[in-house]
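These figures come from a predicted structure and were not determined experimentally. Chain letters run A, B, ... following the sequence lines, proteins first and then strands; every chain starts at 1.
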Amino acid sequence: MYNTLTKTKELLQPINPPRIGMYLCGPTVYAESHIGHMVGPVIFDTIKRFLRYSGYQVTWVVNITDVDDKLIAKSRERKIPMSQIAVEMTADYLANLRELGVNQIDFLPRATDHMEQIVDFIRKLQEKGFAYEADGDVFFEVAKDPHYGQLSNRSIDSMQGDGGEAAGKKRAAGDFALWKSARAGEPAWDSPWGQGRPGWHIECSAMSHAILGETFDIHGGGLDLMFPHHENERAQSGCCHGAPMVKYWMHNGLMRAGDKGKVGGKSDREADTDDVVGKISRSRGAGGLSDLIRRQTGERIRFFLLRTHYRSTIVYGEDGLDEAGTSLAAFYRFFERFAEVTGQSFYELPAPETRDQGAIDPRGDEALHECVALRDRFLAAMDDDFNTALAISTLFDLLRAANRHLDKHDLTAASSTESPAVETLRVIGGILRDLTAVLGLFRKPPLDQTTDRSDAELTSRLMQVLIDLRKDARDKKDFATGDRIRDRLAEIGVALLDKKEGTLWERKS
RNA sequence: GGCGACGUGGCCAAGUGGCUAAGGCGAUGGAUUGCAAAUCCAUUAUUCGUCGGUUCGAAUCCGACCGUCGCCUCCA
């Protein structure tokens with residue numbers, strides 16, 4: 001895995017194997033999340049799935065920062081309590097995670113639930129001489145940390161900042177707030193330095209320490225957090241405990257708005273240009289994720305994100321999501337054929353817990369032999385810095401091998417479920433189930449993703465009625481009527497697929 | 001100004017010293033089909049921003065240049 005700290009790929013050697021502690025910087029919950037916020041959660045969710053599959057026991061923490069200047073500002077603007085905004089936006093964030101299949105998180109600690117730990121942490125830093133108080137504020141003295149700047153590769157001297165609004169109180173411009181004194185009307189907590197609230201950064205140090213300990217294995221976040229956020233976390237934790245905070249630092253690439261107008265819109269900063277090329281952000285008016293999920297699906301978004309290596313920039317465009325949908329549809333079709341032939345739902349196939357258990361003996365079967373080799377390629381790709389893009393390419397190869405097997409043996413619903421060819425199909429399906437589960441894909445059938453359960457049921461029955469009527473017509477060689485049904489359905493975005501085993505249907509985007 | 005990333009076929013995207021440069025979308029031809037769709041088969045980059053250099057050998061290393069983007073500002 002690539003370690004941002006050393007700028008090299010390193011062998012993952014957990015501190016206390018088989019346990020792995022993993023921390024991802026979550027959101028400050030002051031507004032609805034946009035697609036860019038999902039990059040980290042999706043890749044880390046996938047990493048955890050893969051590490052578990054590889055035999056590790058992973059504890060994954062994602063923080064919720066629910067006290068912050070932006071939240072205070074929002075609270076004033078909307079004239080409602082900060083806590084209410086935090087609760088609403090946290091719910092929005094979690095709902096989005098759920099839609100994208102991010103369900104591996106073990107702890108979601110909130111900053112406001114850890115005030116005691118935060119205060120203790122700051123007090124300890126002050127006792128050890130790394131922090132100083134100034135007029136109710138407490139600052140971390142960057143010059144006291146010999147390692148400061150290592151992570152983001154910058155020297156204290158090279159930093160140009162003017163110190164911001166607290167410039168007058170700081171000993172050096174690069175010093176940052178651990179605790180901020182409260183002004184009238186602001187949410188505040190008691191502390192040895194008077195009423196106030198934590199600065200940014202400290203909540204992550206305090207909460208990761210509380211849950212994962214002084215030194216843990218993996219810490220991640222977007223590239224934009226490397227400085228100052230992670231640099232400061234690292235300084236606080238390292239100095240407080242006299243031990244390195246994290247063994248492996250991971251940073252995902254950022255998402256960029258590619259096709260103007262669709263996500264971006266214009267921000268004040270960009271108002272004088274036509275292009276909206278740039279990092280996706282709230283200030284650029286990135287749209288709410290929930291709308292996007294309704295328009296596309298959570299699965300498409302997840303697939304879209306995984307299609308690119310996590311350290312690369314992803315250029316966002318809704319056509320990219322459409323393309324992801326096209327790719328996914330090919331898998332969905334195979335799953336239908338799989339169910340027809342084997343009588344088993346792909347989505348309900350049991351997945352082995354670990355890669356050792358999932359190992360298959362090809363028993364001299366040519367198709368199986370190929371699939372086992374592809375499985376190895378998938379795992380090798382994931383072993384090499386979680387290369388999901390490369391891993392996905394083997395999924396397409398696996399899909400083709402599976403369809404070829406189906407075609408070659410002419411497998412249909414009428415095939416004997418006892419035949420060797422069907423048994424092989426089951427094994428191939430099992431491999432696909434296994435690997436796609438590692439990526440968090442295909443948790444449920446596509447129809448269930450777009451509508452609620454009862455609608456899905458009704459739609460399914462209505463479609464069966466139309467398909468039966470068309471079959472009657474075609475059996476009587478009345479192709480005109482048959483085609484008319486098909487054309488009318490095509491007009492409303494439903495495609496029919498005549499297979500040997502019957503007619504299937506699907507939605508077109 | 002400082003630090004950093006990137007530039008691979010029509011589009012998306014792996015590969016970072018050596019077999020024929022993955023895979024997806026798209027396109028074209030074929031098998032299949034009543035016709036389609038789907039599926040399968042085949043074709044689709046002598047070439048990896050440009051120019052030099054290192055090397056027996058580079059898309060992969062080095063240098064310059066061009067272009068795009070990020071961080072340095074409490075953005076995932």
Side-chain angles (χ1 to χ4, degrees), chain A residues 7 24-28 30 33-44 62 65 68-71 93 149 152-155 157-162 164 174 176-177 180 199-201 220-229 231-232 251-256 258 277-284 286 303-304 307-309 311-315 317 319-320 322-327 329-330 333-334 336-337 377 381 384 387-397 399-400 402-408 474 477 479 482-483 486-487 490 495-500 503-506 508:
Chain A
K7 294 185 170 48
L24 175 72
C25 281
T28 299
Y30 69 97
S33 41
H34 63 252
I35 187 171
H37 293 121
M38 297 293 119
V39 179
V42 166
I43 182 65
F44 268 72
V62 179
T65 298
D68 158 278
D69 288 0
K70 285 188 174 175
L71 266 157
Y93 182 72
S152 56
N153 187 32
R154 57 191 80 201
S155 65
D157 300 340
S158 74
M159 291 178 213
Q160 297 181 333
D162 58 7
F176 55 91
K180 294 177 166 190
W200 191 33
H201 321 306
L223 215 42
D224 52 347
L225 292 183
M226 193 158 79
F227 186 89
H229 187 55
E231 192 70 69
N232 292 353
H251 290 94
N252 59 266
L254 301 178
M255 184 171 279
R256 208 153 62 74
V277 175
K279 193 177 77 178
I280 285 195
S281 68
R282 284 163 177 148
S283 64
R284 285 189 158 94
F303 186 83
F304 173 73
R307 215 171 52 149
T308 304
H309 183 89
R311 282 191 282 126
S312 303
T313 301
I314 301 177
V315 179
D319 46 354
D322 291 340
E323 196 182 305
T326 304
S327 294
R333 278 179 221 115
F334 167 71
E336 297 218 31
R337 291 180 81 183
R377 270 175 51 198
D384 186 7
N387 194 336
T388 55
L390 187 57
I392 283 175
S393 76
T394 68
L395 253 29
F396 284 104
D397 291 332
L399 176 66
R400 191 178 313 113
N403 277 324
R404 194 188 295 136
H405 179 76
L406 233 22
D407 287 354
K408 183 180 165 193
R474 294 175 74 218
K477 303 280 180 202
F479 295 120
D483 289 353
R486 185 174 60 190
D487 293 345
L496 294 182
L497 299 78
D498 293 328
K499 323 286 297 186
K500 289 198 183 86
T503 297
L504 303 178
W505 66 276
E506 68 184 18
K508 289 284 182 190

Could you tell me whether [X] contacts a base, only the sugar-phosphate backbone, or nothing, with contacts defined as non-hydrogen atoms closer than 4.0 Å?
X: A:Ala330; result: sugar-phosphate
X: A:Asn153; result: sugar-phosphate
X: A:Gly36; result: base
X: A:His201; result: nothing
X: A:Asp397; result: sugar-phosphate
X: A:Asn403; result: sugar-phosphate
X: A:Lys499; result: base
X: A:Arg474; result: base
X: A:Leu496; result: base
X: A:Gly220; result: nothing

Ignoring hydrogens and angles, answer whether the base of B:C35 and the side-chain atoms of A:Arg486 contain a donor-acceptor pair closer than 3.5 Å.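 Per atom types, the contact qualifies.
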B:G34 base / A:Asp483 side chain donor-acceptor hit below 3.5 Å: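 Answer yes: a donor N or O sits under 3.5 Å from an acceptor.
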Where do A:His37 and A:Tyr93 land on the ring-ring contact (aromatic ring centres under 6.0 Å, His included) test, with the steps shown first? CA-CA 9 Å; A:His37 293 121; A:Tyr93 182 72; 7.4 Å; no
A:Phe479 six-ring face occupied by A:Arg474 cation (under 6.0 Å, within 45°):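 Verdict for A:Phe479: no cation-pi partner in A:Arg474.
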Hey, is NZ on A:Lys7 packed in by over 12 heavy atoms from elsewhere, all under 6.0 Å?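 Enclosed: over 12 neighbouring heavy atoms sit under 6.0 Å from NZ of A:Lys7.
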A:Phe396 stacking on B:G24: centroids under 5.5 Å, ring planes under 30°?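 So no, this residue does not stack on that base, at least one cut-off failing.
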State which of [options] makes the closest approach to the side chain of [X].
X: A:Thr308; options: B:C69, B:A13, B:C75; answer: B:A13
X: A:Ser312; options: B:A14, B:A76, B:C40; answer: B:A14
X: A:Arg333; options: B:U39, B:A76, B:A14; answer: B:U39
X: A:Val39; options: B:A22, B:A76, B:U39; answer: B:A76

Under 3.5 Å for both donor-acceptor distances, Watson-Crick or wobble: does B:A42 have a partner, and if so which one?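 Answer to the pairing question: B:U28, which forms a Watson-Crick or G-U pair with B:A42.
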If the [atom1] atom of [N] is compared with that of [M], how far apart are they to the nearest Å?
N: B:A27; M: B:C12; atom1: C1'; result: 15 Å
N: B:G7; M: B:U60; atom1: P; result: 11 Å
N: B:G53; M: B:G17; atom1: C1'; result: 16 Å

When you compare the side chain of [Y] with that of [X], does any pair of heavy atoms fall below 4.5 Å?
X: A:Thr313; Y: A:Met255; answer: no
X: A:Pro27; Y: A:Thr65; answer: no
X: A:Arg400; Y: A:Asp397; answer: yes

If you assign each of A:Phe304 and A:Glu506 to its closest nucleotide in RNA chain B, which residue comes earlier from the 5' end?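 Between the two, 5'-proximity favours A:Phe304.
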Name the residue closer to the 5' end of RNA chain B, choosing between A:Gly253 and A:Asn387 according to the nucleotide with the nearest heavy atom.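 Result of the comparison: A:Asn387.
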Rounded interatomic separation in angstrom, taking CG from A:Asp322 and C1' from B:C12: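 The answer, rounded to whole Å, is 13 Å.
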To the nearest Å, give me how far apart CG (A:Leu497) and P (B:C40) are.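 To the nearest whole Å, that distance equals 13 Å.
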